[in-house]
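Here the structure is a predicted model, which is why all the values come from computation and not from measurement. What's counted below: heavy atoms across the whole structure, side chains too, no hydrogens, waters or symmetry copies.
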Amino acid sequence: QVQLVETGGGLVQPGGSLRLSCAASGRSFSSYVMGWFRQAPGKERDFVAGIRRSGGSTYYADSAKGRFTISRDNAKNTVYLQMNSLKPEDTAVYYCAARGGTYIATTPSEYDYWGQGTQVTVSS
């Protein structure tokens, strides 16, 4: 069992940056592939970025490439999402998720545990 808590959301102007954190409780954090998803009002939950267990491999949605960076610190049981050059269309609730296994999945149904989400609003 893993419990996930996201922090770091907020209101930021276009072009600004935010760093989201997701702290995991429970054992064996390093045995989980971690992902970040987002959901805007009236839309489906979309994959943003994922990172494998050791942190040595990452994968990004096209919308995140070149602007977002996912990382993890297994000693701190935490995964991060650094978001730069934010745009109004990045506005959404951002969720972190954990899955057993070895590969980075991009569909929500493949993840076993979810945080409660943190709101990111990009607006002037």
Side chain to side chain donor-acceptor pair (under 3.5 Å) involving Lys65 - partner list, sequence neighbours excluded: Asp62
With disulfide bond (SG atoms under 2.5 Å apart) as the rule and sequence neighbours excluded, what pairs involving residues 47-95 come up? none
Suppose the criterion is disulfide bond (SG atoms under 2.5 Å apart): which pairs have a residue in residues 13-101, not counting sequence neighbours? Cys22-Cys96
Quick one: do Tyr95 and Leu86 end up in the same hydrophobic cluster if we chain Ile, Leu, Val, Met, Phe, Trp and Tyr together by side-chain heavy atoms under 4.5 Å apart? no
Going by the salt bridge (Lys or Arg N to Asp or Glu O under 4.0 Å) test, which pairs reach into residues 43-56, not counting sequence neighbours? none
I'd like to check Phe29 versus Arg72 (side-chain heavy atoms, cut-off strictly below 4.5 Å). Are they in contact? yes
Share the residues that join Val5 in a hydrophobic cluster, the rule being Ile, Leu, Val, Met, Phe, Trp or Tyr side chains under 4.5 Å apart at the heavy-atom level. none
Within a reach of under 6.0 Å around OH of Tyr113, are more than 12 heavy atoms found that belong to other residues, nucleotides or ligands? yes
Which pair of non-hydrogen atoms, one from Ser31 and one from Ser28, has the smallest distance, and what is that distance? OG-O, 2.5 Å
Considering only residues two or more places apart or on different chains, which pairs with a residue in residues 97-115 satisfy salt bridge (Lys or Arg N to Asp or Glu O under 4.0 Å)? none
In sequence, state the C-alpha distance, the side-chain angles, and the governing distance for Tyr59 and Thr106, and then conclude on side chain to side chain contact (heavy atoms under 4.5 Å, CB included). CA-CA 9 Å; Tyr59 184 73; Thr106 60; 3.8 Å; yes
Closest approach of Ala23 and Thr78, non-hydrogen atoms and distance? CA-OG1, 4.2 Å
pair Val2-Tyr32: side-chain heavy atoms closer than 4.5 Å: yes
Filter on side-chain hydrogen bond (donor to acceptor under 3.5 Å, both in side chains), then keep only pairs touching residues 80-89, sequence neighbours left out; what's left? Ser17-Asn84, Gln82-Asn84
Residue pairs passing the salt bridge (Lys or Arg N to Asp or Glu O under 4.0 Å) test where at least one lies in residues 30-42, sequence neighbours excluded: Arg38-Asp90
Same cluster (ILVMFWY, side-chain, under 4.5 Å), Leu81 and Val12: yes
Mind checking what makes side chain to side chain contact (heavy atoms under 4.5 Å, CB included) contact with Val120, not counting sequence neighbours? Leu18, Leu20, Met83, Tyr94, Val122
Does Phe37 have any ring pair (Phe, Tyr, Trp, His ring centres under 6.0 Å) partners at least two apart in sequence or in another chain, and if so, which? Phe47, Tyr111, Trp114
What is the minimum heavy-atom distance between Ser57 and Ile104, and which atoms define it? O-CD1, 3.8 Å
All heavy atoms of Ser123 vs all of Pro14, minimum pair found to be C-CD, 3.6 Å
Please enumerate all residues that pass side chain to side chain donor-acceptor pair (under 3.5 Å) together with Thr121, with sequence neighbours excluded. Gln119
Apply side chain to side chain contact (heavy atoms under 4.5 Å, CB included) to Ala64 and list each qualifying residue two or more places apart in sequence or on a separate chain. Val48, Tyr60, Phe68
Could you go through the side chain to side chain contact (heavy atoms under 4.5 Å, CB included) check for Ile70 and Val79 one step at a time? CA-CA 7 Å; Ile70 187 172; Val79 62; 4.0 Å; yes
To the nearest 0.5 Å, how far apart are CE in Met34 and CG in Asn74? 9.5 Å
